[in-house]
Amino acid sequence: MIALGENPDLFRSLGFSVVRTQLVALALVSATLSLSALSVVELTGAYPTAGFPLVILGLLTRLIGGPAHRVAFYLAAVGVTVFDQAAAIILPGEWRTVALFGALLLLIARRSGREERR
Amino acid sequence: VTDYALHLGVLLAIWGALALSQGLLTGYLGILSVHQASAWAIGAYTAALLNRSLGMPLGATLLPGALAAGLLVSGGTWLVARGRRDDQVVASLCLQIIVIGLLVNLTPLTGGTNGLADIGWGGPDTQRTRAIACLGMALLLLFVAISAYVYLRRTSAATGWQVIRDSREYAESLGLDVAGARLKCGFLAAAIAGGAGAIFAHYTTFIEPRSFGLPESVAILSTAVIGRAPNVRGILAAAAFVVLAPEVLRSLGTDPGIQGNMRQAMFGVLLILAIVSRGR
């Protein structure tokens, strides 16, 4: 899966099935998400957008920590959770959302800037 | 002409301008953004505030609304455009949510979740005269937006933008100003959406942050994708679908509670078909 993410053409040329690997990856992602949704529903209740803030936290973690097979990813997950909870204590209601998405936008802008300079 | 036809005319012209504004970003620069409703919102709030505090009429708030949206959102669009395709959508989502979050939180200025009411248009306060005035302004804005497309096609600007869309590295090697192109296109797109917002505020007399949320941004992006931007006719046809689909559902006697969801479902199916046919 990591190889497919890095270079799909090379992955295909080595004889692996791109579609099959993608389907397996999506099935694993869906299954993991469903398991985490079960625990989230206990806290927030079930509604169509219940998982949205957590998906954003996941994106932040991925942007800071890199791919999930590295230790940095898990350290980033802890850091992002601490940042989110600290924002919840310091900032009132909707400002927390602005802070969270502002941080995400800055990180993406920084990464994009670095990639453009390469 | 009935009041209902006038109402549909205003909505068609406003959505036509919004769809064309998104078409500039998606069609010429290949930016998949979901923050065009934030430019729409800034135009609407600028017009509402100018009208409520200084009594400025419909015609006078159009330009400030367009300029405010252009100046405030084009920087964000530039940031969004720098990323890869997947990053663009996420960065754009962030921008949309930040702008709406600010509108909700800056309560003394924006009225927060209660929004701003009693927005006049500078003439006799009857629904029909208001609709006629707003229709005139919206058609003028639509004409400006279509003229922008015609102008871009006649100059080398559109070609340069499409080169940037296809390959930034190649565009840079040709000496094209990539950052400048992104800023110009972002400004033009946001200004058109801001102008549409100013007319919308005067037409509805009441605005709130929820009117400019993520579903609206997604609908605006969908018009550009389904309409195969920068194809002007296709974009306008897709915008007409956004406005007319709920009316058709209503005429069929559909439950009002599911009309909104049905429209989104129909849009989803159309989007999938557009993406599949584009892939071929």
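The sequence lines fix the lettering, A, B, ..., with proteins before strands; numbering per chain opens at 1. Just so you know, these numbers come straight off a predicted model, no measurement behind them.
- Residue Ile100(B) does not touch chain A at all, counting heavy-atom pairs closer than 4.5 Å.
- Between Thr113(B) and Glu208(B), the shortest heavy-atom distance links the atoms O-OE1, 3.7 Å.
- Leu50(B) pairs by the side-chain contact (heavy atoms from CB on, under 4.5 Å) definition with Thr46(B), Leu54(B), Met56(B), Thr61(B), Pro64(B), not counting sequence neighbours.
- For the set Leu79(B), Leu93(B), Ile97(B), Val99(B), the entry with the most heavy-atom pairs within less than 4.5 Å of chain A is Ile97(B).
- Ion pairing of Arg96(A) with Asp84(A) is present here, as a side-chain N (NZ or NE/NH1/NH2) and a carboxylate O approach within less than 4.0 Å.
- Looking at Val104(B), only its side chain comes within 4.5 Å of chain A, counting heavy atoms on both sides.
- Residue Leu105(A) touches chain B through both its backbone and its side chain, counting heavy-atom pairs closer than 4.5 Å.
- At a threshold of 4.5 Å between non-hydrogen side-chain atoms, the residues Leu25(B) and Cys185(B) count as touching.
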